[in-house]
Amino acid sequence: MSALTARPTYAALAAFLAGDAVASAIPVPYVAKNMDAMRIPPEVRWAVPVAKAAAALGLGSVFRFPGVARATTAMLTAYFAGALGIQLWVRNRAANIVPAVLLLAVFAVMTVQGPHTASSGVRALEP
């Protein structure tokens, strides 16, 4: 088991994305400035925090539904590939591009490896 397949990693990334969803919904000045730089139209910006909140829920489902969590990492891989493409297209600053590259790589590896499941058929959480 690697650190990326551990369920606490999924939980930590879910918390991170939940916080990021809140920061995008407000939006905090740094996030608003980055959305401006990426030329995201104001009328569709509402979708960004919704997508991030949904991703947080999907990652958090790892304890009950590891397949959903793995599908979520696949979708996040596509999301960050798109984000990276937009960042490169608008020639955004490297400081804004690096997080997209790192998260793209993390979620791609997590998708390939999948979450670690409990051994011996024991469920992580009993109903």
Side-chain angles (χ1 to χ4, degrees):
M1 173 174 77
S2 77
L4 290 180
T5 64
R7 291 177 178 195
T9 301
Y10 281 77
L13 288 168
F16 167 75
L17 283 173
D20 197 23
V22 170
S24 296
I26 293 174
V28 297
Y30 172 79
V31 173
K33 186 176 177 183
N34 197 35
M35 286 191 200
D36 290 340
M38 291 174 46
R39 301 181 194 146
I40 298 174
E43 59 272 9
V44 297
R45 289 186 184 188
W46 63 267
V48 174
V50 170
K52 290 177 180 180
L57 289 173
L59 290 175
S61 74
V62 71
F63 297 100
R64 285 283 207 187
F65 306 105
V68 171
R70 189 173 196 174
T72 301
T73 61
M75 290 182 210
L76 283 165
T77 301
Y79 175 88
F80 283 105
L84 176 60
I86 292 170
Q87 300 265 9
L88 294 173
W89 178 59
V90 299
R91 299 174 195 241
N92 209 342
R93 298 179 14 218
N96 294 334
I97 294 172
V98 170
V101 171
L102 293 175
L103 289 168
L104 170 61
V106 164
F107 288 120
V109 170
M110 290 175 80
T111 300
V112 170
Q113 293 182 355
H116 178 71
T117 55
S119 61
S120 305
V122 177
R123 293 181 60 146
L125 294 175
E126 292 298 325

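Fair warning: this is a prediction, and the values are worked out from it, not measured in the lab. When reading the values below, keep in mind they use all heavy atoms of this one structure, side chains included, and skip hydrogens, waters and symmetry mates.
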Please check if [X] and [Y] belong to a single hydrophobic cluster, counting links between Ile, Leu, Val, Met, Phe, Trp and Tyr side chain heavy atoms closer than 4.5 Å.
| X | Y | answer |
| --- | --- | --- |
| L76 | L57 | no |
| I40 | I86 | yes |
| L88 | L104 | yes |
| Y10 | V109 | yes |

Here the gap from I97 atom CD1 to L102 atom CG, rounded to the nearest 0.5 Å, amounts to 12.0 Å
Could you state the interatomic distance from OG (S61) to CZ (R70), rounded to the nearest 0.5 Å? 13.0 Å
Just by modelled atom types, is the T5 backbone N or O under 3.5 Å from a matching donor or acceptor in the T9 side chain? no
So [Y] and [X], do their side chains get closer than 4.5 Å, heavy atoms only?
| X | Y | value |
| --- | --- | --- |
| V106 | L13 | yes |
| V101 | L84 | yes |
| R45 | P27 | no |
| N34 | N92 | yes |

Least distance between heavy atoms, [X] atom then [Y] atom:
| X | Y | answer |
| --- | --- | --- |
| A18 | A56 | N-CB, 3.8 Å |
| A21 | P49 | O-CB, 3.3 Å |
| S24 | V48 | OG-CG1, 4.0 Å |
| A55 | T72 | O-CG2, 3.5 Å |
| R7 | H116 | NE-O, 3.0 Å |
| P115 | V62 | CB-CG2, 3.5 Å |

Residue pairs fulfilling salt bridge (charged side-chain N to carboxylate O under 4.0 Å, His left out) with at least one residue in residues 9-24, sequence neighbours excluded: D20-K52
Within a radius of less than 6.0 Å around CE of M75, do more than 12 heavy atoms belonging to other residues, nucleotides or ligands occur? no
Which residues pass the ring-ring contact (aromatic ring centres under 6.0 Å, His included) test with F80, sequence neighbours left out? F107
Connected-component partners of V50 among ILVMFWY, side-chain separation under 4.5 Å: W46
